[in-house]
Amino acid sequence: MSNVPSDLKYAKSHEWVRQESDGSLTVGISEHAQELLGDLVFVETPEAGATLEAGNACAVVESVKAASDVYAPVSGEVTAVNEQLGDSPELVNSDPYGEGWLFRVKPADSGELSGLMDAEAYKAHLEAEG
């Protein structure tokens, strides 16, 4: 079973969300998702200032196997992107919950977080997916 940190929230589409002390949300893809993709060779993040709508594709991660959309787990404005990923997309593989984060967003509605899964629910979701 993949590493599923208990302090994060998760979307069914395998994005994780961490609430920061300033109220912003850091978003990345789960260890499970990066394992399925394999070695990443390219990451396209949304631009800072972009407005995201929950459930819509907002980024792309590309591996030697396939390209996959990343979906916005919450609506809001992108406040920062992980610039390191341009030169080092493999950070998503080596440290998906740390240096491999994708972008930060200022949430439009903090209530959307309650619609995401906690670690236990996400583990159950992974088991159900098989």
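Counting begins at 1 with the first residue of the sequence.
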Inset, instruction - Nearest 0.5 Å please: distance from the CG atom of Asn56 over to the CG atom of Asp69. - result: 10.5 Å
Legend entry - Leu102 vs Asn82 side-chain heavy atoms within contact, under 4.5 Å: no
Inset, instruction - Report yes or no: does Trp16 contribute a side-chain atom to a donor-acceptor pair with the main-chain N or O of Ile29 at less than 3.5 Å? - result: yes
Inset, instruction - Measure the CD-CG distance between Glu20 and Leu25 for me, rounded to the nearest 0.5 Å. - result: 8.0 Å
Legend entry - Asp39 atom CG, over 12 foreign heavy atoms within 6.0 Å: no
Inset, instruction - Could you tell me whether the side chain of Thr45 reaches within less than 4.5 Å of the side chain of Val78, counting heavy atoms only? - result: no
Legend entry - Residue pair Gly55 / Tyr71: nearest heavy atoms and the distance that separates them: O-CD2, 3.4 Å
Inset, instruction - Return yes if a side-chain donor-acceptor contact under 3.5 Å exists between Glu99 and Ser94, otherwise no. - result: no
Legend entry - Straight-line distance of Met117 CE to Lys123 NZ, nearest 0.5 Å: 13.0 Å
Legend entry - Hydrophobic cluster identity match, Tyr122 and Leu116, side-chain contacts under 4.5 Å: no
Legend entry - Flag side-chain contact, heavy atom, 4.5 Å: Val74 against Asp109: no
Legend entry - Any donor-acceptor N/O pair, Asn93 side chain to Leu40 backbone, under 3.5 Å: yes
Legend entry - pair Val92-Leu37: side-chain heavy atoms closer than 4.5 Å: no
Legend entry - side chain to side chain donor-acceptor pair (under 3.5 Å) against Ser88, all qualifying residues, sequence neighbours excluded: none
Inset, instruction - Enter the distance from Lys9:NZ to Leu113:CG here, rounded to the nearest 0.5 Å. - result: 7.0 Å
Legend entry - Student check: side-chain heavy atoms of Leu52 and Phe103 closer than 4.5 Å: yes
Inset, instruction - Specify the closest pair of heavy atoms between Arg104 and Ser24, including all atoms of both residues, with the distance to one decimal. - result: CD-OG, 4.3 Å
Legend entry - 4.5 Å side-chain heavy-atom contact, Tyr97 and Ser30: yes
Inset, instruction - Determine the interplanar angle of the His125 and His14 rings, folded into 0 to 90°, and report it as parallel if under 30°, tilted if 30 to 60°, perpendicular if over 60°. - result: tilted
Inset, instruction - Give a yes or no on whether Leu85 and Trp101 share a hydrophobic cluster (residues Ile, Leu, Val, Met, Phe, Trp, Tyr; joining criterion: side-chain heavy atoms under 4.5 Å apart). - result: no
Legend entry - Rounded distance [0.5 Å steps], CG in Leu36 versus CD in Glu31: 11.0 Å
Legend entry - Closest approach of Gly23 to Pro107 (non-hydrogen atoms, all atoms of both residues): O-CD, 3.5 Å
Inset, instruction - Look at atom CD of Glu47 and say whether more than 12 heavy atoms of other residues, nucleotides or ligands are closer to it than 6.0 Å. - result: no
Legend entry - Glu15 side chain vs Pro73 backbone, donor-acceptor pair below 3.5 Å: no
Legend entry - same_hphob_cluster(Val81, Val17) at 4.5 Å side-chain heavy-atom cutoff: yes
Inset, instruction - Locate the shortest heavy-atom distance separating Val105 from Gly76; write the atom from each residue and the value. - result: CG2-C, 3.5 Å
Legend entry - 4.5 Å side-chain heavy-atom contact, Tyr10 and Pro5: yes
